[in-house]
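Note that this is a predicted model, so its numbers are computed, not measured.
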Amino acid sequence: MELFDIAFFVFAFITVVSAFIVVFSKSVIYSAFSLLFTFFGVAALYVLLHADFIAVTQVLIYVGGILVLMLFGVMLTNKIVNVELKTGTLHTIPALLLVSVVAGTLGGLFYSTWKGDVAPPPPPFESTTKTLGEMLMTSYLLPFEIASVLLLVALMGAAMFARRRTKT
Amino acid sequence: MKEFLIDILQNEILVYVLMAAVPLVWIIPFALFAVWWERKISAHMQDRLGPMRTGGWHGWAQTIADILKLIQKEDIIPAAADRKLFNLAPYVVFVGSFAAYAAIPFSAAYVGSEINIGLFYILAVSSFVVVGLLMAGWASNNKWSLFGAMRAAAQIVSYEIPVALSLLAVVMIVGTFDLQEINRAQSGYFWNWFVFQKFPLLFVAATIYFVASLAEVNRTPFDIPEAESELVAGYHTEYGGMKFALLFLAEYANMFAVSAIAATVFFGGWNSPFGDFMSGPVWGLFWFISKGMAFIFVHMWLRWTLPRLRVDQLMYVGWKVLIPFSFVIVLGVGFWVMLAR
């Protein structure tokens, strides 16, 4: 095992274990906080794939934005914190069917592309920031602009809703 | 420095561990000194003496005695607190503030990791601090703590925007997030520093960054998360002993980190202000730390000069003053760079 492999398995372990806690924890607040470690693990995996910009953006957007927003939501809703989440087994047969189909597809895909080892680290590291910036400003300008206009509309809509409620 | 250490030690892993430990060796003495310094400055501004006895000369050993006391204290967890999160929170906060040091260039020869996205990385990892604060406040199961944590998080999230935009103005000129590259672009005399470039746009950007960074580290006049008169001590009300020390250490580490970024991005970092006079890697460390400490001094000075803002005033300053101004500066610098090409 090389250093790269050890790092990969450590971060994969963190990601998977914390994702399990997110799903199976009985308390919403624990789920929300263990999402922090999931996001961290995913960002680290991006770094191992030499996608530095995506990794940092992942941390900035998901930890700094979305997770904080979710925590605020959970903490300000005083009832949610104390509610015992209902985790029971419902609709066993359809669920089992769906899960086996998805798992079978993923497993088949995994098996057919399996090369017997973790992918070796790609050769010399190059920063992706510059290339990404150039691509966004040339080949992908239209999708980029559409996404930004969409986000602007969403922002203005949210501000409108918030304001209307306070006036009445 | 990395290549040099690899040559001596012949072991890459050991070298990486050493490189990572360097900022820690700086943070701990710095925090000990800064706490003492802050107490002395506040005392002198209020016409008293501050700590005078411990250690003899002007009570220099006061904070060392304090930290020894904190280490020995019993580790108390309130009965109603959430034990797991209560124990975890100080570590998350400290990891967040320590991780930022990985990309801060202390001198021409030393930077933890010379990555191309250094500045962006620092902005991103500081969000771990926000989550850690929320964790500390919530796990304490105390209304003051929770309010303090909420205020801290709301404040940091809103002031992140002017911080990022004012730094973006410099990034647009240099064309990279690499802090070493930004340092090299300011070499020579002090009029090459970005704070004096593209006058007055970047001067205003530096001011915006400084004001917003005060809010990011919860310092006066933006210290409502810890407002003693209303919230006891904010999110660390319930903490004691070593965990309190860790939270406190993280706070001072953050203070130095934002000051170091201000020094690096706008005030030349490790560059000497006088061209080749007193320049070089070791003098670089001297200049970098002096510039950082100068900003720390201003932080302390403001703490005993300005009154605390109300929550609504805080939001007004953030959203209606700093953000529009920083947008204007980003636009202005963009046009300037494009037209000057």
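Counting non-hydrogen atoms of other residues, nucleotides and ligands closer than 6.0 Å to CZ of F86(B) gives a total above 12. Heavy-atom contacts from other residues, nucleotides or ligands closer than 6.0 Å to CE of M315(B) number more than 12.
Only the side chain of L88(B) has a heavy atom closer than 4.5 Å to any heavy atom of chain A. At a 4.5 Å heavy-atom cutoff, the contact between F37(A) and chain B is made by side-chain atoms alone. Only the side chain of V92(B) comes within less than 4.5 Å of a heavy atom in chain A; its backbone stays farther off. Contact annotation for A149(B): neither backbone nor side-chain heavy atoms come within less than 4.5 Å of a heavy atom of chain A.
F72(A) and A154(B) get closest at one heavy-atom pair: CZ-N, 3.8 Å. In terms of heavy atoms, K84(B) sits closest to Y30(A) at NZ-CE2, 3.9 Å. Nearest approach of S127(B) to V63(A), heavy atoms of both residues: OG-CG1, 3.8 Å. Between V68(A) and V130(B), the shortest heavy-atom contact is CG2-CG1, 3.8 Å.
In this structure, F40(A) and F128(B) have perpendicular ring planes: the angle between them is above 60°, well past the 30° mark.
Rounding to the nearest 0.5 Å gives a distance of 4.0 Å between CG of D52(A) and CD1 of I117(B). Atom-to-atom distance recorded for T129(A):OG1 and F177(B):CZ is 7.0 Å, nearest 0.5 angstrom. In this structure, CD1 in I29(A) is found 7.5 Å from CG in L85(B), a value given to the nearest 0.5 Å.
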